[in-house]
Amino acid sequence: MSVARCQQEVSSAEFVEWMAYSGLELFGPEADDLRAGTLAAAIYNVNRNSKRRPKPFGVIDVFPWFGLASRPDTAKGDAPLLLPDPVEQTALMKAALFGKRRRKGKP
């Protein structure tokens, strides 16, 4: 549905009701991320080395952007760390998730 059609068919009172409902019951893309993140974290946890990473993975580890608006450390407007080189970006994500560091000379 387009924005113009939505404005014609949905009153401001109904829109406010939907906003209130979304605060009670999560739906939409954020809920999809939560479901996918739960599954991804479960897969990571089954395959993780518990000696190297004793703390289990959670949704925030898999999808760091999930819940950013409500986290106090991001209220300051911290921008995501994006590197220009995709290989370095992947190495950074591997290091954050698995504690793996890239060896010099290896991709």
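- The CG atom of Leu92 sits 11.5 Å away from atom CG of Asp85, with the distance rounded to the nearest 0.5 Å.
- Expressed to the nearest 0.5 Å, how far NZ of Lys55 lies from OG of Ser50 amounts to 15.0 Å.
- When all heavy atoms of Ala41 and Phe57 are compared, the pair lying nearest together is CB-O, 3.9 Å.
- Taking OH of Tyr21 as the reference point, atom CG of Leu26 lies at 10.0 Å (rounded to 0.5 Å).
- Ser12 contributes atom OG, which lies 11.0 Å from atom CE of Met19 (distance to the nearest 0.5 angstrom).
- Screening residues 36-45 for side chain to side chain donor-acceptor pair (under 3.5 Å), with sequence neighbours left out, gives Asn45-Arg48.
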Note to self: Under the criterion side chain to side chain contact (heavy atoms under 4.5 Å, CB included), I'd like the reasoning laid out for Asp61 against Arg53: C-alpha separation, chi angles, the key distance, then a yes or no.
What the structure shows: CA-CA 12 Å; Asp61 298 315; Arg53 184 179 168 102; 3.3 Å; yes
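- With sequence neighbours excluded, the residues satisfying side chain to side chain donor-acceptor pair (under 3.5 Å) with Glu9 are Arg5.
- Here the CD-CZ distance, from Gln7 to Phe15, works out to 9.5 Å after rounding to the nearest 0.5 Å.
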